[in-house]
J.: 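Quick one: the structure is below, questions incoming.
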Amino acid sequence: MAKKTVRDMAVEGKRVLVRVDFNVPLDMKTGVITDDSRIRAALPTIRYLVEHKAKVILCSHLGRPDGKVVEKLQMQPVAQRLSQLMNLPVATVPDCIGDAAEKAVNALKDGDILLLENIRFHAEEKANAPAFAQALAKLADIYVDDAFGTAHRAHASTVGVTRYLPAVAGFLMEKELEALGSILTNPEHPFAALLGGAKVSDKISLIQNILEKVDLILIGGGMAATFLKAQGYEVGASLVEADKQTLAYELAETAKRNRASLLLPTDVVVASNITAEATGEVVPIANIPPSKYIVDIGPETIELFSQQIRGCRTVFWNGPMGVYEIPQFAQGTKAMVELLAGLKATTIVGGGSTAEIVEEMNLSYRMTHVSTGGGASLTFLEGKTLPGVAVLLDKK
Ligand code: ADP
Ligand code: MG
């Protein structure tokens, strides 16, 4: 069911606690933010609240401080970047609860912004400790969750706090739920799922949930090895998840029964080792040398996948087609980014690495939606309820 959003609340003059995902990548030597897209993604909600004269109290985690204060993971640089992006002052405070935080909140005027200190400096955050959640809730009148990327975790700032405050979705959360929800509920057909990544075991629940909805499923990446092996091909030294072979075979059979096509690579790039110096060689899947690893899909497969995907109205993509971190093995993945970017179809990209590649190639704007929520987007597409979403108020 659709969730209430900030639009459904009277926020003027109210203290609004917004859980954002400002877990941005930092250069650990210099402390510089290397990618601010997560901050940018939260701007629509923050702007709305400022324009509607709320007192905006932001909270997020940053990195993995494991319940201790870690100087390098303080929110100060994030506040500065947010301030630049908003062109407004952003206050900070050395803690996210307690006297200092309460004082900082009391000093806010309507339309002001305060960024609380890293919420994971307290172990109680991840433990979802009620007293901590209550201390956080005490700072505000309304809670807004705009951190889709952490919605699959039941923490104090995503779940606990909602016991004490009316809880609604921010605009990013709303957009994620709509975009990902649409491919599960009413995708335009033909609907293709392009799947890759390292391991089948990471993606089984996703494949199972999506298999009934798609017309076409295309499999590349490391996980293609297990599917190829299940079809009787020798895959050399590639990782085969032996315990998943039967399942890979059954998934292919289920696809047939559903009259969906399940396409595997017809040629692959192989290499003797997976290192920056390695060179690749294109071979048909029937001739994979025993000592070599599959590291990318081959040119014939790129062509085959492209032809099939071009005929689709909806394409969901998760998982790189090869070891894209090594430039010579990134061709299949890059070809798929360019293909999707050029389509008129609805294109939805999910998964941490996959989103990162699209972002690096500066083609996010050509996709219908690139999910900001790595693990959360997968959990959602597995058909599971995200704890941080379940606790938000339903729209009538
Ligand atoms: P996402 O984060 O988008 O969900 P995954 O985490 O499932 O994607 O997969 C990303 C990883 O998969 C990358 O580190 C990439 O190197 C790896 N990968 C892709 N193809 C292969 C392959 N053929 N062999 C080994 N690893 C692969
Ligand atoms: Mg990943």
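Note that ligands are numbered from 1 as they come in the structure, with each ligand's atoms numbered from 1 the same way.
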J.: Could you pull out every protein residue that has a heavy atom closer than 4.0 Å to ligand 1, ordered by chain and then number?
T.: G197, A198, K203, G221, G222, I294, V295, N318, G319, P320, G322, V323, Y324, E325, G351, G352, S353, T354
J.: Apply the test side-chain contact (heavy atoms from CB on, under 4.5 Å) to residues L194 and F305: give CA-CA distance (whole Å), side-chain angles for both, the deciding distance (0.1 Å), then the verdict.
T.: CA-CA 9 Å; L194 173 63; F305 282 12; 3.9 Å; yes
J.: Is there any salt bridge (Lys or Arg N to Asp or Glu O under 4.0 Å) pair reaching into residues 55-73, and which pairs are they, with sequence neighbours excluded?
T.: K55-D110
J.: Hydrogens and angles aside, do H369 and E178 bring a side-chain donor and acceptor to less than 3.5 Å of each other?
T.: no
J.: Before accepting this row, confirm whether a basic side-chain N of the pair E241/K199 lies closer than 4.0 Å to the acidic partner's carboxylate O.
T.: no
J.: Is the closest basic N to carboxylate O distance between K395 and D8 below 4.0 Å?
T.: yes
J.: Is R19 paired with E125 through a side-chain N to carboxylate O contact shorter than 4.0 Å?
T.: yes
